[in-house]
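In what follows, a structure is listed as structure tokens, so that the remarks can point back to it.
Here is the naming used below: chain letters follow the sequence lines, and residue numbers restart at 1 for every chain. Just so it is clear, the structure is predicted and the values come from calculations on it, not from any experiment.
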Protein chains: 4
Amino acid sequence: MDDTTKKGPKKRERRKEARPDEIIAAAIELWKVRGFAATRLEDVAIGAGVAKGTIYRYFSSKEALFEAAVEARIVRSVDQANQSADLFEGTTEEALLTFFEKVRREMVEGGSFIFLKVLLSEGHRFPELVERYEATVLRRGFDAVRRLLLRGVARGELKSEAAEFDPRLVMAPAMMLSLWGTVFPGVGAPDARQLHKQNVALLLGSLGVE
Amino acid sequence: MDDTTKKGPKKRERRKEARPDEIIAAAIELWKVRGFAATRLEDVAIGAGVAKGTIYRYFSSKEALFEAAVEARIVRSVDQANQSADLFEGTTEEALLTFFEKVRREMVEGGSFIFLKVLLSEGHRFPELVERYEATVLRRGFDAVRRLLLRGVARGELKSEAAEFDPRLVMAPAMMLSLWGTVFPGVGAPDARQLHKQNVALLLGSLGVE
Amino acid sequence: MDDTTKKGPKKRERRKEARPDEIIAAAIELWKVRGFAATRLEDVAIGAGVAKGTIYRYFSSKEALFEAAVEARIVRSVDQANQSADLFEGTTEEALLTFFEKVRREMVEGGSFIFLKVLLSEGHRFPELVERYEATVLRRGFDAVRRLLLRGVARGELKSEAAEFDPRLVMAPAMMLSLWGTVFPGVGAPDARQLHKQNVALLLGSLGVE
Amino acid sequence: MDDTTKKGPKKRERRKEARPDEIIAAAIELWKVRGFAATRLEDVAIGAGVAKGTIYRYFSSKEALFEAAVEARIVRSVDQANQSADLFEGTTEEALLTFFEKVRREMVEGGSFIFLKVLLSEGHRFPELVERYEATVLRRGFDAVRRLLLRGVARGELKSEAAEFDPRLVMAPAMMLSLWGTVFPGVGAPDARQLHKQNVALLLGSLGVE
DNA sequence: CATGAATGAGTGTTCATTCAT
DNA sequence: GATGAATGAACACTCATTCAT
């Protein structure tokens, strides 16, 4: 017990700092398959290779762990979205398609869908988090889309009225399809790319120049 | 034992037959505000003005109550959707707008959003119900939309390619906006009608003739 | 409901009087297979072809029903036992064998084993009934055996010391075997008659003259 | 993770290892007086000086606790019985008397009667346990008796036909008397030793040489 | 700091008993 | 009297959280 301090103190330090992330990663992995409510903190502990009590050293409660997980992933999500929208070089058509694909990948493969699900069904328990998610994920996502539309107008690819188009309508299909796909096997999942293309075509058909 | 086929045995039972519906109504009302998991069966009982045990006379478990509630509401939802699509007399533009409004009203005001939420976050506990919901609500909703698009083509209001357009893309925004609106105050709720109009404009702009 | 008073008032009266017995019979039949605690009063009602509430017209509680069942069967048991012992004409050997067989039949086929089982495991709930059962079933059974032994001495078939032999030792094997047989498939049931014979041989071998 | 194989990890656990036994002991003590069904798990917890939840750390259900209790006591019972039969040095008369006394002590004072009672009245809920009890307690008890009879024949104390005598008939009185004694105050308990003597006399009178 | 045994409030479910019809 | 819908006390079991080691 006390003999472990001999070898390398850095080693332990390093692991210690990684702990919260490992716990969050394990938690998300379990939440993805079992859902938030049905996943016991003990399972998270086992999944992260730590003891139950250890989780409480880093997160004051199950909800706090969830909030921390959202925070940890939100940064990535937002950055991804912004990169797609702002640093993209290609046509608006490609940009939109890439954006939809990013949303899908982040939601489905990255597991972010679990955050949205929990907030949708148990949002009442996380009032601040709901606000924060709305402001940081949704609003920023919408803003990214808006900038993308404006860029399209600026590039002469979209009609000027596209600047007024509500970004929520652009994002909704990609998100709804991702959510459906995680529960309803026959709806949304397999041909996601095809649907995204059709959605882009729809947008360009209506908002595109000529 | 076999003598029960007398005159009118329904008389006395008719009043009692309302009980299950009252319980379901009370349950949905509570689920809407507190969510499914956070609503105790005792609260449902109080809400319905009965004792806890009474619920078990009609529903064998909390999950069975949920399934019964879905069944009870599904019929209405599907009928609504079909009416919108099939019996509608006006233009496709009006038909789409009406359809979106029906979806929104059913989801938000009718409270059907709670079913979707629960299935999204706890679908694992209701495998058959997930299938049933997908087949009865989602698939039929998509079919109604498809028929609506075909009707538009037949009426010469939509390009022939509209017949191939994926109905999921038409429904997704209306559903996603409804879901968002129940949790994120600033997203989706207040100006729903405006968004639906813009969505219809988008569809017609791309799929409409001329 | 009110139209049934037309036909024969005697018919209903007669059935009314039979009700308690029918209920008791149905109860015992269920207790035999499911046990006392695991049998719901509703099952008894269904088995007896009456409504749950009707049981309470005749028996004030589940325990009262049990007590009444014991009383109803006790009379028969005791009479059977007394007949075996007192009215028997044959040898003591035959008398003992007949007696053991009566005990077994009453216990196993008649279902009396359920009374003993309940009193053994839940006797605390029925203090007066325990006393009554002890006095009416056990003690009288012992007395019947004692008289049987005395008769054997008088007939010159048993040594005089048999008059002092404790009847409990005579009865115990027959009862224990019956109890075992109702739960442990391999112990006691199939070859009961053979065991009774061996038990009689044992008794006569030790207590028999010559 | 794999470093747990250090010096003495048993030290800390040894104290905790007593918990299951303490819980079993408390449970049996309560079952003896109140019966199995009527004893709430919370009472067991209080009796063992732990919280309700602690019981579930060691036993997955009330029934599992019962099964564990049977297992824990079965070993002792069987060992006792075997010792009596095999390692005994004295005459068959003494051996039988000692054996009966062991049975009685184990059943009445050791509290094993509660296992038999529960299995008799609620055996349906424990099908495997019934089998196990039959095979481990009853059958082995019978075998011990059989060996005891064979030993008596070998020692020239019993007639050769004693080898064929059914051990169930030897055990039944001791067990039945123990069971009776736990419920019916006037039957069996006080003069148990006297009855055992008479039973031995009966057996030797019939099966004994000369 | 890490551990995991211990805690106990909370809830779904059962079922004997009551009582309006 | 009979019915069976309604009641509500009782209890097994779960799991987030705490804390002695």
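- Atom CZ in C/Arg125 sits about 11 Å away from atom C1' in E/dA16, given to the nearest Å.
- The CD1-P distance, from D/Ile46 to F/dC11, rounds to 12 Å in whole Å.
- Here D/Arg132 pairs with D/Glu71 in a salt bridge; the nearest charged N to carboxylate O distance falls below 4.0 Å.
- Of the nucleotides present, F/dA6 is the one that pairs with E/dT17 by Watson-Crick or G-U wobble criteria, both distances under 3.5 Å.
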Decide yes or no on side-chain hydrogen bond (donor to acceptor under 3.5 Å, both in side chains) for C/Lys117 and C/Thr182, but give the supporting numbers first.
CA-CA 10 Å; C/Lys117 278 181 177 182; C/Thr182 59; 3.1 Å; yes

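- Going from atom CG of C/Leu65 over to atom P of E/dC15 covers 16 Å, rounded to whole Å.
- Following rounding to the nearest Å, A/Ile23 (CD1) and E/dC1 (P) show an atom-to-atom distance of 13 Å.
- The minimum heavy-atom distance between A/Val183 and B/Leu119, with the atom names listed, is CG1-O, 3.4 Å.
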Readout for nucleotides 7-12 of chain E: B = base within 4.0 Å of protein heavy atom, S = sugar-phosphate only, - = neither; 5' to 3' it is BBBBSS

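- Whole-Å rounding puts the A/Arg34 CZ to F/dC15 C1' distance at 14 Å.
- Between D/Phe66 and D/Trp31, the distance from one ring center to the other falls under 6.0 angstrom.
- With a cut-off of 3.5 Å on both Watson-Crick or G-U wobble distances, the partner of F/dC13 is given as E/dG10.
- Using bins of under 30°, 30° to 60° and over 60° for the plane-to-plane angle, the ring pair C/Phe36/C/Phe126 lands in the perpendicular bin.
- Atom OG of residue D/Ser61 and atom CG of residue D/Leu41 lie 8.5 Å apart, to the nearest 0.5 angstrom.
- Taking side-chain N and O atoms only, A/Tyr58 has a distance below 4.0 Å to OP1 or OP2 of E/dA2.
- Rounded to a whole Å, the CG atom of D/Asp43 is 8 Å from the P atom of F/dC11.
- Along DNA chain E, the nucleotide nearest to B/Ser60 and the one nearest to C/Glu63 differ in position, and the one closer to the 5' end is contacted by B/Ser60.
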